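Notes for the one structure printed next.
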Amino acid sequence: VQLQASGGGLVQPGRSLRLSCTTSGFSLDHFAIGWFRQAPGKEREGVSCISGRDGSTYYADSDSVKGRFTISRDSNKRTVYLQMNSLKFEDTAVYYCATDFMLPCGRDYLVRVNQMDYWGKGTQVTVSS
């Protein structure tokens, strides 16, 4: 099982980025995948997840994410995306994708950060003017 996040970079506030998580060794149609982030000096937190079974999505309760971020997947390309719009300074973080083969996508998936089975290397997102 492998995951690799990419697509990060330096971007001005208000702009957009799309992150990609390429996977191998398992099927996106069977297992949920989540996006997590870790800002400097802060704990890693869940951002969003997408269900393997039906592609349903869940976003962190924080109002700072909902309405701006969109998670999606392309099972044929074995890739999960995180479209991030209207980026803010506080979105600056290293973004990771991860999967747990037991948990369904939902609130617990984003909360149980330490329970994820597999992590990809992160990609840095820096929002700066």
Side-chain angles (χ1 to χ4, degrees):
V1 174
Q2 290 187 329
L3 302 92
Q4 178 66 59
S6 62
L10 174 63
V11 64
Q12 293 179 330
R15 304 299 291 269
S16 299
L17 276 178
R18 188 178 77 160
L19 306 184
S20 299
C21 174
T22 55
T23 69
S24 63
F26 67 103
S27 172
L28 294 181
D29 294 330
H30 293 159
F31 302 106
I33 281 195
W35 281 100
F36 300 80
R37 66 184 181 184
Q38 187 165 18
K42 295 188 177 181
E43 293 185 352
R44 195 171 296 185
E45 63 177 2
V47 175
S48 180
C49 60
I50 186 165
S51 171
R53 180 172 55 86
D54 60 7
S56 59
T57 60
Y58 186 88
Y59 296 89
D61 291 336
S62 170
D63 290 337
S64 68
V65 172
K66 285 183 177 179
R68 297 191 300 121
F69 290 8
T70 303
I71 191 171
S72 63
R73 70 180 183 190
D74 185 332
S75 296
N76 291 330
K77 294 183 178 179
R78 308 177 71 88
T79 301
V80 176
Y81 303 99
L82 185 69
Q83 178 69 41
M84 305 187 296
N85 298 329
S86 303
L87 283 163
K88 304 177 180 180
F89 293 119
E90 53 263 41
D91 293 320
T92 295
V94 179
Y95 285 72
Y96 302 87
C97 52
T99 187
D100 180 274
F101 286 171
M102 295 297 294
L103 286 174
C105 172
R107 182 181 180 278
D108 281 354
Y109 201 95
L110 300 187
V111 170
R112 298 183 185 184
V113 177
N114 294 328
Q115 194 169 332
M116 294 293 111
D117 291 326
Y118 299 97
W119 289 89
K121 290 185 178 180
T123 185
Q124 176 72 48
V125 173
T126 302
V127 184
S128 175
S129 55

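Because the structure is a prediction, the values reported are computed rather than measured. We number each residue from 1, following the sequence as shown.
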Does the pair N85 and S16 meet the rule for a side-chain hydrogen bond (donor to acceptor under 3.5 Å, both in side chains), with working shown?
CA-CA 4 Å; N85 298 329; S16 299; 2.9 Å; yes
Assess whether side chain to side chain contact (heavy atoms under 4.5 Å, CB included) is satisfied between Y109 and M116, documenting all intermediate values.
CA-CA 8 Å; Y109 201 95; M116 294 293 111; 3.8 Å; yes
Determine, stepwise, if the pair Q4 / S6 fulfils side-chain hydrogen bond (donor to acceptor under 3.5 Å, both in side chains).
CA-CA 7 Å; Q4 178 66 59; S6 62; over 6 Å; no
For side-chain hydrogen bond (donor to acceptor under 3.5 Å, both in side chains), just list the numbers for R18 and Y81, CA-CA rounded to whole Å, side-chain angles, deciding distance to a tenth of an Å, and then say yes or no.
CA-CA 7 Å; R18 188 178 77 160; Y81 303 99; 4.6 Å; no
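Contact annotation: the side chain of V127 never approaches that of E90 to less than 4.5 Å [non-hydrogen atoms, C-beta and beyond]. The closest side-chain heavy-atom distance from L103 to R112 is below 4.5 Å. Between V47 and L110 there is no side-chain heavy-atom pair separated by less than 4.5 Å. A 4.5 Å side-chain heavy-atom check between L19 and V80 finds every atom pair outside the cut-off. Taking 4.5 Å as the limit, some side-chain heavy atom of R37 sits within range of a side-chain heavy atom of V65. F69 has its side chain within reach of L87: a pair of non-hydrogen atoms, C-beta onward, lies under 4.5 Å apart. Contact check for V113 versus E45: no side-chain heavy atoms found under the 4.5 Å cut-off. No side-chain heavy atom of S129 sits under 4.5 Å from any side-chain heavy atom of Q12.
Between the CZ atom in F31 and the CZ atom in R53 there is a gap of 13.5 Å [rounded to 0.5 Å]. To the nearest 0.5 Å, atom CH2 of residue W35 and atom OG of residue S48 are 10.0 Å apart. Rounded to the nearest 0.5 Å, atoms CD (Q124) and CG (L10) are 9.5 Å apart. Note that NZ of K42 is 10.5 Å distant from OG1 of T92, once rounded to the nearest 0.5 Å. Atom-to-atom distance recorded for C21:SG and L28:CG is 8.0 Å, nearest 0.5 angstrom. Taking CE from M84 and CZ from R15, the interatomic distance works out to 13.5 Å, rounded to the nearest 0.5 Å.
Between L3 and C97, the shortest heavy-atom distance links the atoms CB-SG, 3.9 Å. Contact record, C49 with G106: SG-N, 3.3 Å, taken as the closest heavy-atom pair.
When atom types are taken as modelled, the side chain of S56 and the backbone of D54 share no donor-acceptor pair closer than 3.5 angstrom. In this structure, T99 contributes its side chain and A32 its backbone to a donor-acceptor pair below 3.5 Å. For R73 (side chain) and I33 (main-chain N/O), no donor-acceptor pair under 3.5 Å exists by modelled atom type. Under a 3.5 Å cut-off, the side chain of T22 and the backbone N or O of T79 do not form any donor-acceptor pair. Not one N or O on the side chain of R44 forms a donor-acceptor pair closer than 3.5 Å with the backbone of Y96. The closest donor-acceptor contact from the side chain of Y59 to the backbone of I71 lies under 3.5 Å.
When hydrophobic clusters are built by joining Ile, Leu, Val, Met, Phe, Trp and Tyr residues whose side-chain heavy atoms come closer than 4.5 Å, directly or via intermediates, V11 is grouped together with L82.
Between F101 and Y118, the ring planes are tilted. Angles from 30° to 60° get that label.
Taking the ring centroids of W119 and F36, they lie under the 6.0 Å cut-off.
For Q83, the CD atom is densely surrounded, since the number of other residues' heavy atoms within 6.0 Å is greater than 12. For N114, the CG atom is loosely surrounded, since the number of other residues' heavy atoms within 6.0 Å does not exceed 12.
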